[in-house]
Undergrad: 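Below: one structure in structure tokens.
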Number of protein chains: 2
Amino acid sequence: MEAVPIVTNPSRPVTIATVARRAGVGVGTVSRVLNGAPGVAEKTRTRVLETIRELDYAPSQLARGLSTGRSSSVAAVVPFLTHPSAVERLRGFVRALTAARYDVTLHDVELREQRDDRLRALAGPGSTSDAAVIVSLPPTDDEVQRFLDAGKPVILLDAQHPLLPSVVIDDVAGGGLAARHLLALGHRRIAFIGDTPANPYGFTSSVNRRTGYLDALAEHGITPPPAYIKEGEHDRLVAARLFDELFQDGLERPTAVFVASDTQALGVLGAARARGLRIPDQLSVIGFDDIETAELVGLTTVRQPLEESGRRAAQLLLDALSGRPPEAALETLDLTVSVRQTTAPPA
Amino acid sequence: MEAVPIVTNPSRPVTIATVARRAGVGVGTVSRVLNGAPGVAEKTRTRVLETIRELDYAPSQLARGLSTGRSSSVAAVVPFLTHPSAVERLRGFVRALTAARYDVTLHDVELREQRDDRLRALAGPGSTSDAAVIVSLPPTDDEVQRFLDAGKPVILLDAQHPLLPSVVIDDVAGGGLAARHLLALGHRRIAFIGDTPANPYGFTSSVNRRTGYLDALAEHGITPPPAYIKEGEHDRLVAARLFDELFQDGLERPTAVFVASDTQALGVLGAARARGLRIPDQLSVIGFDDIETAELVGLTTVRQPLEESGRRAAQLLLDALSGRPPEAALETLDLTVSVRQTTAPPA
DNA sequence: TTGAAAGCGATACCAT
DNA sequence: ATGGTATCGCTTTCAA
């Protein structure tokens, strides 16, 4: 007794020609039906549709793309590992684009070199995607120019460039928000821990948040000692180390610390716990971003609408793709302070 | 004075023909160079390569795909929002596939209906991807058959099917691990909170973990009262509610609870805190998965190698794509207990 | 070693 | 309203 073959359909793959033949029409007609083009008799349309169903036919996206010059797919360049916030943005982006029947190809960037390669490849010819969103990575002028030359719409999300539509927040204002929250509670000795300005990706949010923090303090006539400002690689453990440095020298201890990202704030929280510091009684901590974990651990933080930012970027991209002029070159999202359990008046 | 046009390259896009013409060779030769095919004189190859560089040419993936029948892209179907663990798996997967020069298209699935649509579309003709990985979603026999018919390799990650290579863990063993950790600490009244077996996606890990838990308890002659076993939607807040139910009736309070996923365990932790329960003194909590947040909050949990599972799935997929026979139809990853701060001997 | 030409599977224009 | 055909940009025979 022979083994029953698993493959049900050993025949040639069904193409538009198969459908046309079977339905007794030309390929042009099938194509019209497929694309809802006008000028097809109702009776014909029905017959074709039926044949399509019988054959379980679906047009090759590849062939369609080659023919039309559009692939219905967009690229998302994301620092996947380094930024949890990027994942939440991506979520909003993918959802909105899926709803619009676009595919999203994911380009994880964790190394400087990858970043360069990806941007170069995506902008060039040969790339499959119709457009791209770049998350948290400011492109250089040359890179932008390449995209422009290629005629590919690009949206910047959490990054900015004069020639590209961007969805951002006002980091300076956000830094001010954080500092003022602490000031309002009565804190005067407020430290800052953030990302190094010399980071390989060109992230600038941390420095801007620092500026906002310094401005707010200045308004209150406060100039923090240089030792209150610690910057290092955007990493939880590095942030913990920086926090510990605050306790070395004969430095007067801060009563509060503003950490420029939740990821780093989480590290600070851990380090503070390790020191036996009661939070918020002995030390207030405020983060920035409001990633999901922030809520889980009760971290007070400056909230930016991460998922919504993804949706907005998607919308701008869809606008650009449909040839509509961008509503605004620069879209700035609102910030609020999510007050939770890590901030309180100083002892 | 005229405005300087931004567009540097108003000319027709550069194709393989452009390169061929410019280099004074046929397109076939350029193609051979592009693909490292043998039989090209070194001198010719150099000239072509140079021309390619001058023109900043890159072959159209679309055209190449249409011609070869392969697109160098694979689909990843992921319950993005419902499972944080899925993101970590995806990370490993994307990394490995990027290294192998494949594109990954992301298919977020949050609704039952989306799940069905996506699987159907990806298996059918017309789909761009050469293969697919499906994360945490067990496909039906019909769905599997469609993939098989289409000749598209599929790997299941955190899911299982007799006809498909799968990367999984032994959930029953894992449940046992969790229970035995608590038993070893001296606990006897151990509750269980998990995902509902009737979930719309067909996730089965929770029931299996429950089985392992029950078996381990039975080995110690313990049969937990039915009220100790709570199941509901896989959601943090739902888990918190289920936990609260443990305190209703005249039920003898458990000294420990095994929660079938970290996401749910985080909810339980919150609910316990809200009740003023000191953890682990008054109550031990152990989760499952070891997502990143688990470490941050100090949750004791059963650890499965999430990112590595993604890498393994990628490897299996690459094997399948290169026609090598799958090394094993079923790959089972190791589990360990990450002991942190939420478990201790009962008071 | 190389060039020419036939597909790959769609779309879109041109007749009819 | 519909069929036929050129076209998209590449790979891959087939000759030379």
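Excluded from the calculations below are hydrogen atoms, water molecules and symmetry mates; all remaining heavy atoms, backbone and side chain alike, are included.
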Undergrad: Are the side chains of B:Leu55 and B:Val19 in contact, using a 4.5 Å heavy-atom criterion?
TA: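 The answer is yes; the side chains approach within 4.5 Å.
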
Undergrad: Nearest to the side chain of B:Val27, which nucleotide is it out of C:dT2, C:dA12, D:dT11?
TA: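 The listed nucleotide nearest to B:Val27's side chain is D:dT11.
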
Undergrad: Can you measure A:Tyr57 atom OH to C:dG9 atom P for me and round it to whole angstrom units?
TA: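 To the nearest whole Å, that distance equals 10 Å.
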
Undergrad: On DNA chain C, does the nearest nucleotide to B:Glu42 precede the nearest nucleotide to B:Ala63 from the 5' side, or the other way round? Give the residue.
TA: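 In this pair, the answer is B:Glu42.
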
Undergrad: What's the closest nucleotide to the side chain of A:Thr15 if the choices are D:dT2, D:dT11, C:dG9?
TA: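 Per side-chain heavy atoms of A:Thr15, the pick is C:dG9.
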
Undergrad: Nearest whole Å is fine: how far is D:dG9 C1' from B:Arg21 CZ?
TA: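 Whole-Å distance recorded here is 13 Å.
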
Undergrad: Whole angstrom is fine here: how far is it from CG in B:Asn35 over to C1' in D:dG9?
TA: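 Answer to the nearest Å: 13 Å.
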
Undergrad: Any side-chain to backbone donor/acceptor pair from A:Arg47 onto A:Ala23? Under 3.5 Å, distance only.
TA: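 Looks like yes, one N/O pair under 3.5 Å.
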
Undergrad: Check whether A:Ser322 reaches the backbone of A:Leu318 with its side chain - one donor and one acceptor, N or O, closer than 3.5 Å.
TA: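 Yes; judged by distance alone, with no hydrogens or angles, the pair exists.
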
Undergrad: For a quick test of reading the model, state the closest non-hydrogen atom pair linking A:Asp108 to A:Gln114 and the distance between them.
TA: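 That closest heavy-atom pairing would be O-OE1, 3.4 Å.
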
Undergrad: Taking only side-chain nitrogens and oxygens of A:Ser31, does any of them come within less than 4.0 Å of OP1 or OP2 of C:dT11?
TA: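 So the side chain of A:Ser31 is within the cut-off, an N or O lying under 4.0 Å from OP1 or OP2 of C:dT11.
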
Undergrad: Check the distance between C:dC8's P and B:Arg70's CZ and give it to me in whole angstrom.
TA: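 Checked: the CZ to P distance equals 16 Å.
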
Undergrad: Rounded to the nearest angstrom, tell me the gap between atom CZ in A:Arg45 and atom P in D:dA1.
TA: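 Atom-to-atom, A:Arg45 to D:dA1, this comes out as 11 Å.
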
Undergrad: So A:Gly126, base contact, sugar-phosphate only, or nothing? Heavy-atom distance under 4.0 Å.
TA: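 The residue A:Gly126 makes no contact with any strand.
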
Undergrad: Are the charged groups of A:Asp142 and A:Arg146 less than 4.0 angstrom apart, N to O?
TA: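 Answer for the salt bridge query: no.
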
Undergrad: Quick one: is A:Ser60 getting a side-chain N or O under 4.0 Å of the C:dC8 phosphate, OP1 or OP2?
TA: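 False: A:Ser60 side-chain N/O out of range (4.0 Å or more) of C:dC8 OP1/OP2.
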
Undergrad: Closest nucleotide of DNA chain C for B:Gly28 versus for A:Ala58: which of these residues is on the 5' side?
TA: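 Here B:Gly28 is the residue nearer the 5' end.
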
Undergrad: With heavy atoms under 4.0 Å as the rule, sort A:Thr68 into base, sugar-phosphate or nothing.
TA: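 Sugar-phosphate contact only - A:Thr68 comes under 4.0 Å of backbone atoms but never of a base.
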
Undergrad: Just how far, in rounded Å, is C1' of D:dT5 from CD1 of A:Ile16?
TA: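 Taking atom C1' of D:dT5 as the reference, CD1 of A:Ile16 is at 14 Å.
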
Undergrad: State which of C:dG9, D:dT2, D:dC10 makes the closest approach to the side chain of A:Ala41.
TA: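 Looking only at heavy atoms from C-beta outward on A:Ala41, the closest nucleotide is D:dT2.
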
Undergrad: Using whole Å, report how far CG of B:Leu34 lies from P of D:dT12.
TA: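 It is 11 Å, rounded to the nearest whole Å.
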
Undergrad: Starting at CG of A:Leu66 and ending at P of C:dT11, how long is that distance when rounded to a whole Å?
TA: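 Atom-to-atom, A:Leu66 to C:dT11, this comes out as 11 Å.
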
Undergrad: Can you tell me if A:Asn199 uses its side chain to pair, donor with acceptor, with the backbone of A:Tyr201 under 3.5 Å?
TA: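 Pair found, side chain donor or acceptor close to backbone of A:Tyr201.
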
Undergrad: Does a distance-only test, which skips hydrogens and angles, find a donor-acceptor pair under 3.5 Å between the side chain of A:Ser67 and the base of C:dG9?
TA: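 Between C:dG9 and A:Ser67, which were checked side chain against base, a qualifying N/O pair under 3.5 Å is absent.
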
Undergrad: B:Arg32 side chain: which of C:dA10, D:dG3, D:dT13 is closest?
TA: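 Within the option list, the nearest is D:dT13.
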
Undergrad: I want to verify a distance call: between D:dT2, D:dC10, D:dT12, whose nearest atom is closest to the A:Val40 side chain?
TA: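 Side chain of A:Val40 sits closest to D:dT2.
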
Undergrad: Which part of the nucleic acid, if any, lies within reach of B:Val25 when heavy atoms closer than 4.0 Å are counted: base, sugar-phosphate only, or nothing?
TA: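 Touches sugar-phosphate only.
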
